[in-house]
Amino acid sequence: MKSAVETLNPTRVRLTVEVPFEELKDSLDAAYKKINQQVTVKGFRQGKIPARVIDQRFGRGAVLEEAVNDALPKFYTEAVNEGELNPLGQPEVDITELKDGELLAFTAEVDIRPAIEIPDYSGIEVTVDAVEVSDDDVDKSVEQLRERFATTSPVERAAAEGDIVVVDLEAKVDGEVLEDGVAQGVDYTIGSGQLLDGIDEAVTGLEAGGSATFTSELKGGSAEGKEAEVKVDVTAVKSRELPALDDDFAQLASEFDTLEELRADSRKRLEQMKKYDQATQAQEKVLDELLGLAEVPIPEKLLADEIETRKHNLVNHQLGQMGLDLAKYLEIQGKTEEEFDAETKEQAEKGIKTQFILDELVNKEKLSVGQEELTEHLMRRAQSSGMSPDQFAQAVVEGGQVPMLVGEVARGKALAVVVEAATVKDSNGETVDLDDEDETAETVEGTEGADAADEAAETDAPAEAKSEG
C-alpha cells in the first residue's frame, strides 16, 4: 500500500491511497463467505457455493463492493498511522479507481488536530483578588447559621415582614379559576420574594382569617406569563425567633463551646473558601493569557458540532429541567438570539482551543495519569453528578468514557504546570503562593476556560470524543 498526505489547510488533509489488489485477498475471501451465508443456489449447500458461481449469479461487482467496504477502514487507518496524523471525526472517502485484479485507489479528506507551537508561558503575570475576610463577612456567616436554628410560633396579631404566613391561594384568568391555580397550606415568609409579585403587600397587615386579592403575572403553570387575579386567605401567622448570639448558641449549632471559637472557625472557613476562589481565578486568568499567546486554528466542522452540542445540552437538559424554552431563557437573560449565538460560538472556540493546547502540553511535558489520580477525579465527578461512585464508574466504563476522564485529569495537570510557572499577585501587590498543586489540578474543572478541555465532565465536550478516527 502507498499513501500520500496533502495539507489542505492547517486543520484538514487529503490522503491519497493506492492498494495493490493482492492486499484485498482477505477482504475478498470474507465477502464471498458473507454472501455464501446470505444466499441459496439450487444444487449447492448453503455456505458451499463456489466463488465462480457467486460471480455468475450475483455479479463480481457485488463481491467487490462488499470487499472494498470491509477493507477501507483498515487501509485508511494504516495511511493515518503512516502519515502520523491525529484525525478528528470521520473522513470523507472517495474511491477514485477500482480495477479488478489490479488496483484500488481512494482519497480521504479528514479534519486533523493542528500542529501547535507551545509559547513561552514563563512570563505570564496575572492579578487576582486578595484573600481578605472582614468582620462583616464573619457576621453574615454566623447570621446565616443562626437563621437555620430559628424557631417559629403562632401569634395573634397582624402579619409583618419576616413573619411566616400560611396561605391558601386561588388564581383566576379572565374570570376562570385555573385548574393548576389553586394551592392550600402554603408557608410563605413575607419579604422573601419567593412566591408571587404583589403577595407581600397583600398579606402584610392581615391576621389569621384575613383575605386579600391582588393582580400578578404568573411565573409558571398553564397560564405562565398571563395576568391573574389572585385571592389569598391567611390561615395562620407565625413569628420567627432567632436564638441569642451567645455561648449556648455556639454549643447548639457547632462543636465549639464559645461564640468566640465559633466565629474564629467561621473566619477560617471563609479564608479557605476565598483561597479556593483565588486559585480558581488564577487558573482562569493564566489560561486566558496562555490562549492569547498561542495560535490555535480550529476545524470548521468541529466548531459547528461543538456549538450545536452546547445549544442542544442547554435547551434539552438544563432549560428542559427548569421548564423553560430558549425564547423564555433569552427573555430572562435580556439577550437577543444573535447575542446568544455569538456568545456560544466564542465559548466553543475557547473550549476547543483550550483542549488542543493543553493536550499538546500534556505531550510536551510527558504528563501521565496515575490510577489514584483517576480514582479521585472519578469520585469528584460522581459527587457532582449526584450518582454513587460505583454507579458513575459503571456508566463511564459502559459508555467508553474512561479515556475522556484520563484526558480531563491530564489537562488539569498541564494547566497546573503553567500556573506554577506564572507570576500571580493579589490586588494588594503581594505574590500569591499557589503551592497546593493538587488543589490547582482539581479546580481546573471549575474554570470556564477549561470547559471544552474537559467539559466532557458535563458531557458537553465533543472535541475529545470526536477526535477518534
Side-chain angles (χ1 to χ4, degrees), residues 10-11 86 113-132 273-299 302-303 306-307 310 342-367 369 377 407-458 460-461 463-464 467:
T11 63
N86 290 310
R113 280 178 176 257
I116 300 173
E117 184 176 343
I118 300 297
D120 179 8
Y121 49 79
S122 61
I124 291 178
E125 295 186 10
V126 298
T127 301
V128 297
D129 295 334
V131 174
E132 296 175 341
M273 289 173 58
K274 286 181 178 286
K275 285 181 180 178
Y276 181 92
D277 292 342
Q278 189 184 62
T280 300
Q281 189 180 36
Q283 291 163 20
E284 292 174 351
K285 291 194 171 187
V286 168
L287 178 59
D288 286 341
E289 291 293 322
L290 178 65
L291 294 178
L293 293 173
E295 186 68 33
V296 186
I298 300 177
L302 181 64
L303 178 58
E306 177 73 356
I307 291 171
R310 286 171 179 261
E343 287 181 8
T344 303
K345 181 181 179 182
E346 182 180 353
Q347 292 165 0
E349 287 177 340
K350 183 177 181 179
I352 295 172
K353 286 181 179 180
T354 298
Q355 178 171 331
F356 282 176
I357 196 169
L358 292 184
D359 283 347
E360 187 66 27
L361 261 170
V362 169
N363 295 330
K364 180 182 177 181
E365 300 291 340
K366 296 181 172 55
L367 301 175
V369 176
H377 181 65
E408 292 173 14
V409 179
R411 285 188 284 274
K413 295 178 72 171
L415 182 55
V417 169
V418 183
V419 172
E420 186 177 356
T423 299
V424 182
K425 293 186 176 181
D426 66 20
S427 52
N428 294 328
E430 299 292 329
T431 299
V432 177
D433 183 14
L434 298 173
D435 56 358
D436 191 341
E437 295 181 5
D438 290 336
E439 180 183 54
T440 300
E442 290 173 15
T443 55
V444 65
E445 293 154 26
T447 68
E448 177 186 346
D451 270 351
D454 62 39
E455 200 183 33
E458 312 294 316
D460 287 349
E464 177 68 18
S467 67

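Since we're looking at a predicted model, the values are computed, not measured.
Heavy-atom minimum distance, V286 versus A422: CG2-CB, 4.0 Å. Nearest heavy atoms, D359 versus R411: OD1-NH1, 2.9 Å. Taking every heavy atom of both residues into account, L415 and Q283 meet most closely at CD2-CB, 4.1 Å. Scanning all heavy atoms of the two residues, the minimum distance from P297 to P299 falls at O-CD, 4.1 Å. The two residues V432 and K425 come nearest to each other via the heavy atoms CG2-C, 3.9 Å. Nearest heavy-atom pair, L358 versus A414, reported as atom, atom and distance to 0.1 Å: O-CB, 3.7 Å.
A 4.5 Å side-chain heavy-atom check between N428 and E132 finds at least one atom pair inside the cut-off. Annotation: side chain of K350 is in contact with side chain of T354 (closest heavy-atom distance under 4.5 Å). Counting heavy atoms from C-beta on, the side chains of P119 and L290 come closer than 4.5 Å. Side-chain contact between L303 and I307 is present, with at least one heavy-atom pair separated by less than 4.5 Å. Q355 is listed as a side-chain neighbour of R113, based on a closest heavy-atom distance under 4.5 Å. Residues D426 and Q278 are in side-chain contact: their nearest non-hydrogen atoms beyond the backbone lie under 4.5 Å apart. Side-chain contact between V419 and V417 is absent, with no heavy atoms from C-beta onward closer than 4.5 Å. Annotation: side chain of V126 is not in contact with side chain of T423 (no heavy-atom distance under 4.5 Å).
With sequence neighbours excluded, the residues forming a side-chain hydrogen bond (donor to acceptor under 3.5 Å, both in side chains) with E365 are Y121, listed by chain and number. In this view, E430 satisfies the side-chain hydrogen bond (donor to acceptor under 3.5 Å, both in side chains) rule with no residue, not counting sequence neighbours.
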* Asked: Can L434 and E420 be said to form a side chain to side chain contact (heavy atoms under 4.5 Å, CB included), step by step?
  -> CA-CA 7 Å; L434 298 173; E420 186 177 356; over 6 Å; no

* Working for side chain to side chain contact (heavy atoms under 4.5 Å, CB included), residues F356 and T11 -> CA-CA 12 Å; F356 282 176; T11 63; 5.9 Å; no

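Atom CD1 of residue I357 and atom CD of residue E295 lie 10.5 Å apart, to the nearest 0.5 angstrom. Separation of atoms CD1 (I118) and CG (N363) is listed at 9.0 Å; rounding is to 0.5 Å. We find the CD-OG1 distance between E306 and T344 to be 10.5 Å, quoted to the nearest 0.5 Å.
Side-chain atoms of Q281 come within 3.5 Å of backbone atoms of D129 as a donor-acceptor pair (strictly under, hydrogens ignored).
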